[in-house]
Amino acid sequence: MLYDLTVPAWQNGLNALSGELARARTWGEENAVGELQFAVARLAPDMFPLASQVRFSCAQALQPLARLAGLDIPDFAEDAPGFAGMQDQIAATLAILETVDRDAMGSDPDHMVSFTLPNGMTFDMRAFDYVRDWAQPQFFFHRTTAYAIMRHMGVPLGKADYVGYMMRYLRAGTAPAA
């Protein structure tokens with residue numbers, strides 16, 4: 001159950017983010033917006049830039065694997081300086097997610113999870129609450145912020161880019177005419 005609530009959603013989100021970055025790169029080349037401009041772009045002065053949001057999206061898909069499945073996970077300690085590095089971080093994360101054993105995530109939603117933030121705050125919660133109230137919101141906050149930064153920079157992205165994976169569920173004959 002915990003696997004089904006997490007890993008596939010993170011795979012969908014990271015694959016979509018990879019596609020958005022590819023569109024941003026192409027759009028940037030066509031509109032004289034350089035990779036460094038994208039990498040350091042942010043929505044507000046006190047927010048992290050795009051490169052950090054991509055790195056954090058990857059980290060937020062991996063940290064729960066350590067907490068729920070006891071897996072050793074890599075640490076992307078540095079922001080990538082450009083699109084290739086951001087894509088490499090996403091690819092490395094997707095490769096790890098591909099190897100996660102469903103059973104390793106556990107099936108007990110009441111299993112206790114504890115973690116401490118860098119500022120010293122420690123949280124104790126059931127695994128289900130951890131996934132619902134921490135792991136998923138953290139992942140989607142950074143994933144959505146990355147999307148918003150690219151939109152803010154002018155990249156023509158839309159909801160279809162953000163949730164393009166939904167097309168595999170589309171009932172035949174129900175798509176609007178182009």
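Position 1 is the first residue of the sequence, and the numbers go up from there. None of the values given here were measured: they were computed from a predicted structure.
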| request: Evaluate salt bridge (charged side-chain N to carboxylate O under 4.0 Å, His left out) for Arg126 paired with Asp108, printing each intermediate quantity in order. | output: CA-CA 9 Å; Arg126 296 179 323 128; Asp108 180 7; over 6 Å; no
Taking all non-hydrogen atoms of both residues into account, name the closest pair between [X] and [Y] and its distance.
X	Y	value
Ala92	Phe76	CB-CZ, 3.9 Å
Ala59	Pro64	O-CD, 4.4 Å
Pro49	Ala39	CB-O, 3.3 Å
Arg168	Tyr165	CG-O, 3.2 Å
Met47	Arg42	O-NH1, 2.5 Å
Val7	Leu97	CG1-O, 3.8 Å

| query | Any chance the side chains of His142 and Gln53 put a donor and an acceptor closer than 3.5 Å? | reply |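 Distance-only check passes for His142 and Gln53.
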| query | Do the side-chain N and O atoms of Tyr3 and Ser107 include a donor-acceptor pair separated by under 3.5 angstrom? | reply | no
Please answer: with hydrophobic residues joined when any side-chain heavy atoms are less than 4.5 Å apart, are [X] and [Y] in the same cluster?
X	Y	answer
Phe38	Val40	no
Val155	Leu36	no
Met112	Leu65	no
Leu157	Met167	no
Leu170	Val163	no

| query | Is the distance between the ring centroids of Phe141 and Phe56 under 6.0 Å? | reply |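 No, the ring of Phe141 stays outside the 6.0 Å limit from the ring of Phe56, centre to centre.
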Output the distance between atom [atom1] ([X]) and atom [atom2] ([Y]), rounded to the nearest 0.5 Å.
X	Y	atom1	atom2	result
Trp10	Leu5	CH2	CG	9.5 Å
Thr145	Leu43	OG1	CG	6.5 Å
Thr122	Asp124	OG1	CG	7.0 Å
Gln63	Phe139	CD	CZ	12.5 Å
Ile73	Cys58	CD1	SG	11.0 Å
Leu50	Arg55	CG	CZ	12.0 Å

Report yes if the side chains of [X] and [Y] come closer than 4.5 Å at any heavy-atom pair, otherwise no.
X	Y	result
Pro109	Asp129	no
Pro156	Trp27	yes
Asp79	Met86	no
Trp134	Phe115	yes

Checking the side chain of [X] only, and the main-chain atoms of [Y] only, is there a donor and an acceptor separated by less than 3.5 Å?
X	Y	value
Gln87	Ser18	yes
Glu35	Phe83	yes
Glu29	Thr26	no
Asp133	Tyr130	no

| field | Electrostatic pair Arg143:Glu20 at N-O distance under 4.0 angstrom | value | yes
| In a check of side chain to side chain contact (heavy atoms under 4.5 Å, CB included) between Met105 and each of Asp4, Val131, Leu71, Leu68, which one passes? |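 Checked Asp4, Val131, Leu71, Leu68 against Met105; only one passes side chain to side chain contact (heavy atoms under 4.5 Å, CB included): Leu68.
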A quick test of your reading: do over 12 heavy atoms of other residues, nucleotides or ligands sit less than 6.0 Å from [atom1] of [X]?
X	atom1	value
Phe48	CZ	no
Glu78	CD	no
Asn31	CG	yes

| task | I would like to know whether Thr6 and Gln136 meet side chain to side chain donor-acceptor pair (under 3.5 Å); could you show each step before the answer? | result | CA-CA 7 Å; Thr6 56; Gln136 291 293 51; over 6 Å; no
